[in-house]
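The sequence lines fix the lettering, A, B, ..., with proteins before strands; numbering per chain opens at 1. Both backbone and side-chain heavy atoms feed into the values below; hydrogens, waters and symmetry mates do not. All values reported here derive from a predicted model rather than from experimental measurement.
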Protein chains: 2
Amino acid sequence: MDQIFHALSHETRRKILDLLRDQPGQGVGVLARSFDVSRIAIMNHLAVLEKAGLVISEKDGRSRLLYLNLVPLQMIHERWSDEYGAYWAGRVTALKDLAERKTAEGGEKP
Amino acid sequence: MDQIFHALSHETRRKILDLLRDQPGQGVGVLARSFDVSRIAIMNHLAVLEKAGLVISEKDGRSRLLYLNLVPLQMIHERWSDEYGAYWAGRVTALKDLAERKTAEGGEKP
DNA sequence: TATATATGTAATTACATTATTACATATAAG
DNA sequence: CTTATATGTAATAATGTAATTACATATATA
């Protein structure tokens, strides 16, 4: 769980997931050319994503083909539906009040 | 986005969200007693959660009352439904094959 | 007012993350 | 076989995280 959220907490890694969704089976080098950091940096990000199970790779000759794996995201998505779904319907209005009071702060001490 | 996922990437912070869901309006000290790290550590975690918008707080006398705010989670939940919903239905079977091949690895070089 | 309670701030420390450059290995093509 | 291509590994530096202890501020209550 830590690993999944940590993997998602970096813009570059989320962009990698997007690119692999749109064009599955890219190699490491090709993918890296979509960014302006080094290939090694991208490889480190890929290692983080693979440990989190969000990316799967397959060796093909001298290339390593990369694929997005959405199963961990599905898991979280479903879990949130279960754990917070009811709560979202009910509680949110009460909290919205507080949130709005907070947002409106900044001109109330005359 | 980075902030939200980073906030969620620590077990202690996820547990704080759970506790605030189950018992909203707790003060910092009371909350901290549910953990075996220092109150200061919990305050740091709370700062991370507040920056991410996942926790809202309200001063009440000498206490600071804490509330869970699920709006950021809802946002992500809905965004995933939009961006990956169709993909989940279609692509997953193809990727499951690769994932299963990967999982089955570890006894195939005789 | 004095005191206990609740929260906030500062300084410090250990460790993790993110990126870099330089070098090493593996494979395809000429 | 030699060369170019694709990926992998090592060492290193800058920055960020997570935790601690010690001290400071604010507020309720005896």
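Of the candidate nucleotides D/dG8, D/dT17, D/dA6, D/dT17 has the atom lying nearest to any side-chain atom of B/His6. With C/dT18, C/dT7, D/dA6 as the candidates, the nucleotide lying closest to the side chain of A/Arg33 is D/dA6.
Phosphate proximity of D/dG8 to A/Arg64: present, with a side-chain N or O under 4.0 Å from OP1 or OP2.
One cannot find a donor-acceptor pair under 3.5 Å joining the base of C/dT7 and the side-chain atoms of B/Arg62.
Between A/His10 atom NE2 and C/dA16 atom P the separation is 18 Å, expressed in whole Å. For the pair B/Lys59 NZ and D/dA28 C1', the computed distance is 13 Å after rounding to whole Å. Between the NZ atom of B/Lys51 and the C1' atom of D/dG16 there is a distance of 12 Å, rounded to whole Å. If you take CD1 of B/Ile16 and P of D/dA18, they are 11 Å apart, rounded to a whole angstrom. The distance from atom CG of B/Leu65 to atom C1' of D/dT27 is 14 Å, rounded to the nearest whole Å. One atom, CG of B/Leu31, and another, C1' of C/dG8, lie 16 Å apart when rounded to the nearest Å.
Classified by interplanar angle (parallel below 30°, tilted 30° to 60°, perpendicular above 60°), the ring pair A/His77/B/Trp80 is tilted.
Residues passing the salt bridge (charged side-chain N to carboxylate O under 4.0 Å, His left out) test with A/Arg62: none are found, sequence neighbours excluded. By the side chain to side chain contact (heavy atoms under 4.5 Å, CB included) test, B/Val28 pairs with B/Arg39, B/Met43, B/Leu46, B/Arg64, B/Leu66, sequence neighbours left out.
Closest non-hydrogen pair, A/Ala52 versus A/Pro72, comes out as O-CG, 3.9 Å.
If you check residues 35-50 of chain A against DNA chain D, the residues with a heavy atom closer than 4.0 Å are A/Arg39, A/Ile40, A/Met43, listed by number.
Using modelled atom types, no side-chain atom of B/Arg13 and backbone atom of B/Leu8 make a donor-acceptor pair closer than 3.5 Å.
Put simply, CD1 on B/Ile16 and CD1 on B/Ile42 are 4.5 Å apart, with the number rounded to the nearest 0.5 Å. Rounded to the nearest 0.5 Å, atoms CG (A/Asp36) and OG1 (A/Thr12) are 8.5 Å apart.
Residue-to-nucleotide proximity on DNA chain C shows that, of B/Ser63 and A/Ser9, the 5′-proximal contact is made by B/Ser63.
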